[in-house]
Amino acid sequence: MNVLEVECLSKKFENTEVIKDVSFSVKEGETLVILGPSGSGKSTLLRCINNLERVDGGNIIINKKEMIKEYKNNKPIYNNKEILNQINLDTGMVFQDFNLFPHLSVKENITISLINVFKMSKEEADKKANEVLKKMDLKEKENCYPCDLSGGQKQRVSIARVLAINPKIICMDEPTSALDPELVGEVLKTIKALAKEKRTMIIVTHEIKFAEEVADRVIFMDGGIIVEEGKPEEVIKKPKKQRTKEFLKRYINLEDNSMKELDIEENKPREVISFFKEISDIPRESGNEKKIRDYLVKFAKERSLEYYTDNNFNVIIRKPASSGYENEEILGFQSHTDMICEKIESSMHDFSKDPIKLYQDGDFILANGTTLGADNGIGVAYMLAILDSDKIKGPELECIFTTQEETTMIGAKEIDGKQIKCKKIISLDNGKQGKMVISSANCLEWFGEIEIDKTNLPDDENFVKYELVYSNFLGGHSGGNIGDIKRGNPIKLGIEVISKIDEMYIESLEGGSRVNVIPRNFRISFYAKENDYEKMKEKINKQIRFFGEDGKIELNKFYTQIDKANKIENCYENSTKRKFEKIEVFSKFTTRKVINFVNRFVNGPVEYDENNNVILSANMGAVKMLENAVRFEYSLRSNDIILRNLYLENLKEIEKTNNINITWEQELKGIEPNYNSSLVEKCAKIYKEIFNVDIEVKISQGVLEGGFFNDKIKGLEYICIGADTYDVHSPKERVSIKSIGEVWDYIKQIISIK
Ligand code: ADP
Ligand code: MG
């Protein structure tokens with residue numbers, strides 16, 4: 001039996017049709033998942049079904065009851081109050097941001113509508129609440145307030161609240177997208193259990209793997225229409241339409257023929273790639289390098305090579321000179337063993353224990369929805385292949401494996417200089433084959449906090465809650481990718497959207513991950529006037545036009561369960577007024593400071609040299625909510641001390657005016673360019689001989705670990721080379737197989753040529 005029938009539904013906002021003649025049905029016990037890009041009309045569709053939005057054409061039939069009685073002059077005439085009431089009670093909605101009442105306990109959040117809307121007695125309501133809380137495994141939280149719960153628990157409370165009403169159809173609008181990644185799992189598990197019970201559900205989600213598991217049927221929407229509909233194994237695994245493919249590509253690696261598991265036997269240079277595969281099996285998140293250290297020590301022992309290791313899990317392995325090279329100067333190589341761990345929203349990968357499986361797409365090695373760790377695992381693999389080889393003839397070699405390069409640089413900072421014998425080091429941490437980096441940036445990093453002064457939202461019913469969400473931006477490395485303005489910074493963009501609103505109050509904000517990663521996401525919830533929507537939307541549309549290819553930007557206006565209850569009460573007074581006023585928000589002053597600081601922070605590439613190298617750049621890397629403060633994590637990179645000091649003057653000024661309290665800072669030292677280095681000269685010459693082009697000698701915005709070796713090794717010459725990698729620090733990270741081979745030839749020549 002069909003519990004829901006949507007017939008030729010259309011819905012306009014002003015004159016824009018956002019749902020266009022959409023028809024589908026849902027059977028009893030069926031789980032339907034709706035996928036689609038931002039703005040495709042998914043939320044509007046759910047809101048129409050939940051009678052939170054008036055339709056303009058077609059009909060919605062729930063449990064055999066028609067929402068619209070007839071059309072007069074092309075205008076829908078809704079059915080009578082009694083029928084609409086029944087329809088309203090047959091549908092329940094779980095919202096992305098839970099919509100719990102902050103001043104009510106968990107239990108009261110559930111009983112309030114049972115008592116007020118369903119006219120249950122308090123005892124009956126309590127009994128019902130106990131039942132659903134038990135089911136959701138939340139019984140012991142019944143007297144807690146929402147602020148004491150994790151996001152996952154909050155969402156389970158809001159699911160419990162809907163279950164208490166026991167509607168015929170449960171709609172969920174992105175139920176996990178407001179959750180921290182580690183909390184998504186528990187909520188998905190709960191929803192899966194409901195699907196198993198054969199509850200009728202319509203779920204909008206971007207969790208593609210989950211969709212595949214839970215859905216009986218999938219609808220893909222785009223531009224207000226249903227583009228494709230069918231079983232998950234069809235729509236998700238083998239989409240027919242180009243639009244569906246394009247969309248899914250952002251979340252999963254489609255089963256197209258271009259991508260397959262990497263075959264070690266088929267690719268050259270096998271000696272390097274097979275070591276890369278071996279170390280990819282070892283989890284090596286920055287700060288978690290013990291396992292890879294143990295592997296390296298074992299590697300050295302098995303080959304009877306001299307090694308050194310320390311408390312920071314650094315390892316140095318030495319290989320004696322080949323005959324005929326005894327009088328040559330010792331040559332050092334260096335790579336870091338740790339990696340950045342980033343993944344796409346739907347990835348279940350656990351970086352603390354899962355191996356990274358390698359895939360091949362044409363010339364690229366890549367991972368499935370996670371960073372690959374070619375930064376700097378390829379360098380590690382080269383060093384292992386060098387140490388392992390008995391064919392490469394050369395001087396005594398010293399291979400230095402450092403740790404936590406991506407975070408604290410503690411490995412390079414604290415390694416004992418006396419253990420390093422060489423005076424020439426080739427770092428293999430460069431991601432561009434045709435380039436040799438000879439100078440690295442001085443990098444300053446800060447955590448700056450604004451104390452949160454809280455207030456109650458003013459008692460003005462025109463305030464509505466908004467949520468502005470940026471996700472899936474490209475991100476990337478704040479040193480290497482900062483010159484690419486198309487990547488955008490979601491924190492800056494989000495604050496830009498709200499900066500021109502006269503009266504608003506931030507409730508919470510969060511975005512980015514770390515100081516040296518360009519943020520990929522940002523979420524801010526705030527209260528502003530209903531009529532501010534258009535102004536914000538206009539700005540957002542401009543941003544979408546510029547960044548829309550990869551990034552997703554959403555502005556959600558809020559509708560609470562009580563709004564719906566009000567509607568049932570008033571039956572088409574069309575009110576979305578808030579009934580409860582005690583909502584805690586940032587004070588006006590705190591809100592302003594947050595906005596001002598981000599707005600005035602000069603972000604991205606700031607200055608270039610005559611060869612168009614970025615020589616000064618800044619990154620607003622993350623914003624986090626602490627108990628009593630908002631923390632910004634930001635950094636500045638420079639290869640020019642004068643420009644840096646000018647920037648700092650401005651930064652100190654905006655920190656002062658916005659009462660930023662610096663709670664942590666560090667300086668990562670740079671390397672001065674040394675154009676007369678014999679190492680630079682030799683390596684440039686060999687490159688030209690092999691490839692018949694000049695290697696580009698570069699000044700980098702990256703911080704190189706070599707900066708820390710300067711103080712330890714007198715007269716150090718340091719350069720940085722490597723194979724072509726792309727989109728490092730992001731789930732699109734990949735490395736070119738051809739380039740791995742060419743750089744391998746290059747390295748072998750550098751070692752062997754005297
Ligand atoms: P999705 O949930 O798929 O991201 P929505 O249903 O939220 O999409 O939005 C569909 C379109 O309708 C978007 O272009 C959005 O800007 C527009 N829209 C949504 N709500 C309103 C509103 N209250 N007023 C005007 N336009 C709106
Ligand atoms: Mg939506």
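Order of appearance sets the numbers: ligands from 1, and atoms from 1 within every ligand. Remember, predicted model here, so these are calculated numbers, not experimental data.
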When you look for heavy atoms under 4.0 Å from ligand 1, do you find them on the side chain of K557, its backbone, both, or neither?
side chain

Under 4.0 Å to a heavy atom of S43 - the qualifying atoms of ligand 1, by number
1 (P), 2 (O), 6 (O), 7 (O)

Geometric class of the F522/Y470 ring pair [parallel <30°, tilted 30-60°, perpendicular >60°]
tilted

Got an N/O contact under 3.5 Å between N556 and ligand 1?
no

Could you check whether any side-chain N or O of N472 sits under 3.5 Å from a backbone N or O of K552, counting only pairs where one atom can act as donor and the other as acceptor?
no

Can you list the ligand 1 atoms lying under 4.0 Å from a non-hydrogen atom of T44?
5 (P), 6 (O), 9 (O), 10 (C)

Kindly confirm or rule out a cation-pi arrangement of K241 over F220, judged by NZ or CZ under 6.0 Å from the six-membered ring centre and within 45° of its axis?
no

Near V18, which atoms of ligand 1 are under 4.0 Å from a heavy atom of that residue?
11 (C), 12 (O)

By number and element, which atoms of ligand 1 are closer than 4.0 Å to a non-hydrogen atom of S38?
4 (O)

Keeping the roles fixed (side chain from K492, backbone from N599), state whether a donor-acceptor pair exists under 3.5 Å.
yes

Flag G41 as yes when one of its N or O atoms lies below 3.5 Å from any N or O atom of ligand 1, and as no otherwise.
yes

Positive for side-chain hydrogen bond (donor to acceptor under 3.5 Å, both in side chains) with S158, one of R161, Q155, K154, R156
Q155

T44 near the Mg ion (ligand 2) via N/O/S, less than 2.8 Å:
no

Report, in ascending order of atom number, the atoms of ligand 1 lying under 4.0 Å from any heavy atom of P37.
3 (O)

Under 4.0 Å from a heavy atom of E554: which atoms of ligand 1 are those, numbered in the order shown and with their elements?
4 (O)

For the side chain of N59 and the backbone of E7, is there at least one donor-acceptor N/O pair under 3.5 Å apart?
no

Given the ring of Y78, does R54 sit roughly above its face, with NZ or CZ under 6.0 Å from the centre of the six-membered ring and within 45° of the axis?
yes

Against the six-membered ring of F13, is K11 placed for a cation-pi contact (under 6.0 Å from the centre, within 45° of the normal)?
yes

For F463 and Y505, take the angle between the two ring planes, folded into 0 to 90°, and tell me which bin it lands in: parallel under 30, tilted 30 to 60, perpendicular over 60.
perpendicular

Classify the contact between E14 and ligand 1 as side chain, backbone, both or neither, using a heavy-atom distance cut-off of under 4.0 Å.
neither

Show which atoms of ligand 1 fall inside a sub-4.0 Å distance from at least one heavy-atom site of K537.
16 (O)

Evaluate the side-chain proximity of F247 to V227: yes if any heavy-atom separation is below 4.5 Å, no if none is.
no

Contact check, E174 vs ligand 1, heavy-atom distance below 4.0 Å
no

Does any N or O of ligand 1 fall below 3.5 Å from an N or O anywhere on L45, backbone included?
no

For ligand 1, which atoms, with element, lie under 4.0 Å from some heavy atom of S40?
1 (P), 3 (O), 8 (O)

